[in-house]
Undergrad: 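Pasting a structure here, questions to come.
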Amino acid sequence: MNTNLDALNAPNALDALNGLNAEAVRGSVAVVRRLAPADLPSPTPCAGWTLADLLAHMTVQHRGFAAAARGDGQDLAHWAQRPLAEDPVADYADAADAVLAAFAEVTDPGRPFALPEFTAAQTFPALHAIGFHFIDYVVHGWDVARTLDLPYAPDPALLEAALPIAHAVPSGDDYRLAPGSAFAPSLPADDGGSLLDRILTTLGRSPSWSPAYPS
């Protein structure tokens, strides 16, 4: 994956990305803290996923990426979907803290991350792997906010960094239409759309999606 982060000076690129990722993840935690147990069966912008499904996915992805940062990402047990915890909001916040702490320990942008959910045939340099995580949580933060009908307005600088990463996500039907894929095929973009709208349509989300009209 090539992104504009690659153009930054090597000593600063990882720090810049970690800061952006932490902002996106903390934003997602703030939104998740607004949900109530009665919201968990609600439909989400992720086709076929309830809010419970989405929260379970977001939680395990944090734990899988944390394992990858520690050098243990090849163990599929870290990525295995599991039932929601008794307190899923607290569990999500714990998982978010764990991945941010693990990423903070990575100092080499080229450190290999094993991400078997993408492919077991290769590893990914830390800079790109954390980029994958970053774009996931920019979009999943919106997914949760829209499900709960809450406002979602990340900093424009964060969105400017996220847009080229969104464009770099594989777009072939074998990836976007695979069972369990977090992203659907791209949708037509509105030329006058906001940065967030452009990210969403690139990753198969309709910016006009609402819980009242989920289809």
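Only this structure's heavy atoms are used, side chains among them; waters, hydrogens and symmetry mates stay out. Quick caveat: nothing in here was measured; it's all calculated off a predicted structure.
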Undergrad: Has Arg111 got a side-chain atom pairing as donor or acceptor with Pro125's backbone, closer than 3.5 angstrom?
TA: no

Undergrad: Flag yes if more than 12 heavy atoms outside Arg70 fall under 6.0 Å of its CZ atom; otherwise flag no.
TA: yes

Undergrad: Taking 4.0 angstrom as the limit, do Arg146 and Asp143 come out as a salt bridge?
TA: no

Undergrad: Hey, does Val139 have a side-chain heavy atom less than 4.5 Å from the side chain of Ile199?
TA: yes

Undergrad: Does the distance from a Lys or Arg side-chain N to an Asp or Glu carboxylate O, for Arg34 and Asp39, drop under 4.0 Å?
TA: no

Undergrad: Measure centre to centre between the rings of Phe132 and Phe113, then say whether the value is under 6.0 Å.
TA: no

Undergrad: Decide, yes or no, whether a salt bridge links Arg63 with Asp94 under the criterion of side-chain N to carboxylate O below 4.0 Å.
TA: no

Undergrad: Does a side-chain heavy-atom distance below 4.5 Å link Trp142 with Pro154?
TA: no

Undergrad: Hey, would you say the Trp79 and Phe65 ring centroids sit under 6.0 Å apart?
TA: yes

Undergrad: Check whether any side-chain heavy atom of Val25 lies under 4.5 Å from a side-chain heavy atom of Phe134, and answer yes or no.
TA: no

Undergrad: Set out, in order, the CA-CA distance, both residues' side-chain angles and the distance that settles side-chain hydrogen bond (donor to acceptor under 3.5 Å, both in side chains) for Asp136 and His133, then state yes or no.
TA: CA-CA 5 Å; Asp136 270 2; His133 188 269; over 6 Å; no

Undergrad: Decide if atom CD of Gln122 counts as having more than 12 heavy atoms of other residues, nucleotides or ligands within a radius under 6.0 Å.
TA: yes

